[in-house]
Amino acid sequence: VELAREGARRAGDERAEQRAEAVLGLLHHGRGNLALAEARYTRALDLAHRLGDARTQAHALRDLGNLALQRGEHDRALAFYQDALELAHGGDHRLEGVVRGNLAILRQERGELDDAVSELKRALTCLRAVGDRPFEGQLLGYLGAVQHERGQIDVAADAYARAIAILREVRDVRLEGLFLAARASALAL
């Protein structure tokens, strides 16, 4: 990816350079190199802004939000997510669903459980509109977790069951196992 980025830079292809910066950010983020990830995400955002590409800007803002959330920088994460939603509004339902799902996780971490449920429901509407079953299953499981935390055990168990069915359908055994355990905990209560 580094070679692709350098080749794009030499050729003056800012669109290809932007994509390479975004991918490098994801790679560094996945490896836990958060400072390097932030530098790459920021460069990707700058290039997307120069290109006037709102959708790509929204992706970069989402990535910066995820990084801030991981660092526990809730106010920064919220600002990034809100900016991403403004740019994604009405255009890219999948992106909106993903950002709203991330925003729900932020709301849950801040103890804003009613807002988390609201964001998850909006995210699920977006994802169902585009048929993204894997992410729908994941967010249904998160919805169950928030409801579980709110003490709505029967509702949580139902959400977990729906998540498990979808995750089984799409063969995501890792998340299926996670939500099977969460459902078992809810049923034990």
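Since this is a predicted model, take the numbers as computed values, not measurements.
Asp132 meets the salt bridge (Lys or Arg N to Asp or Glu O under 4.0 Å) test with Arg94; sequence neighbours excluded. Taking Leu189 as the reference, His148, Ile153 meet the side chain to side chain contact (heavy atoms under 4.5 Å, CB included) condition, with sequence neighbours excluded. Under the rule for a side chain to side chain contact (heavy atoms under 4.5 Å, CB included), the partners of Ala16 that lie at least two apart in sequence or sit in another chain are Ala8, Asp13, Arg19. The side chain to side chain contact (heavy atoms under 4.5 Å, CB included) check on Glu169 picks up Arg133, with sequence neighbours excluded. Here Asp158 pairs with Arg162 under the side chain to side chain contact (heavy atoms under 4.5 Å, CB included) rule; sequence neighbours left out. Residues passing the salt bridge (Lys or Arg N to Asp or Glu O under 4.0 Å) test with Glu119 are Arg100, sequence neighbours excluded. Checked against salt bridge (Lys or Arg N to Asp or Glu O under 4.0 Å), Arg76 has the following partners two or more places apart in sequence or in another chain: Glu38, Glu73. The salt bridge (Lys or Arg N to Asp or Glu O under 4.0 Å) search around Arg110 returns Asp75, Glu112, not counting sequence neighbours.
The two residues Asp115 and Arg107 come nearest to each other via the heavy atoms CB-CD, 3.8 Å. Leu167 and Pro134 make their closest contact through CD2-O, 4.1 Å (heavy atoms, listed as atom of the first residue, atom of the second, distance). Minimum interatomic distance between Ala159 and Gln147 (heavy atoms only, all atoms of both residues): CB-OE1, 3.6 Å. In terms of heavy atoms, Ala44 sits closest to Ala22 at CB-N, 3.8 Å. Across Leu45 and Gln57, no two heavy atoms sit closer than the pair CD1-O, 3.8 Å.
Residues Ile166 and Leu124 share a hydrophobic cluster, clusters being chains of Ile/Leu/Val/Met/Phe/Trp/Tyr side chains in contact below 4.5 Å. Linking ILVMFWY residues whenever their side-chain heavy atoms come closer than 4.5 Å, directly or via other members, leaves Leu47 and Phe80 in distinct clusters. Val23 is not connected to Leu36 by any chain of hydrophobic side-chain contacts under 4.5 Å among Ile, Leu, Val, Met, Phe, Trp and Tyr, and they are in different clusters. Val98 and Leu120 fall within the same hydrophobic cluster, defined by Ile, Leu, Val, Met, Phe, Trp and Tyr side-chain heavy atoms under 4.5 Å apart, directly or through other members. Under the 4.5 Å side-chain contact rule for hydrophobic residues, Leu26 and Leu34 share a cluster.
With salt bridges taken as basic N to acidic carboxylate O contacts below 4.0 Å, one links Asp114 and Arg150.
Taken to the nearest 0.5 Å, the CG atom of Asp172 stands 9.0 Å off from the CZ atom of Phe179. Rounded to the nearest 0.5 Å, atoms CG (Asp53) and CD (Glu14) are 12.0 Å apart. Residue Leu85 holds its CG atom at 8.0 Å from CG of Leu95, rounded to the nearest 0.5 Å. In this structure, OH on Tyr160 lies 8.5 Å from CG on Leu178, to the nearest 0.5 angstrom. With rounding to the nearest 0.5 Å, the separation of CG in Leu78 from NE2 in His74 is 10.0 Å. One distance of note links NE2 of His93 with CZ of Arg128; it measures 14.5 Å at 0.5 Å rounding.
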Name the atoms and distances for all side-chain donor-acceptor pairs under 3.5 Å in residues 137-144, with sequence neighbours left out.
from	atom 1	to	atom 2	distance (Å)
Gln138	NE2	Tyr142	OH	3.0

Quick one: side chains of residues 58-68, donor-acceptor pairs under 3.5 Å with protein atoms, not counting sequence neighbours, listed by atom name and distance.
from	atom 1	to	atom 2	distance (Å)
His59	ND1	Arg62	NH1	3.2
Asn66	OD1	Tyr81	OH	2.6
Asn66	OD1	Asn102	ND2	2.9

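Side-chain atoms of Glu17 never come within 3.5 Å of backbone atoms of Arg5 as a donor-acceptor pair (strictly under, hydrogens ignored).
Residue pairs meeting the side-chain hydrogen bond (donor to acceptor under 3.5 Å, both in side chains) criterion with at least one member in residues 176-189, sequence neighbours excluded, are Arg168-Glu176. Judged as a side-chain hydrogen bond (donor to acceptor under 3.5 Å, both in side chains), the pairs with a partner in residues 20-36 (not counting sequence neighbours) are, in order, Arg9-Glu21, Glu21-Arg40, His29-Tyr41, His29-Gln70.
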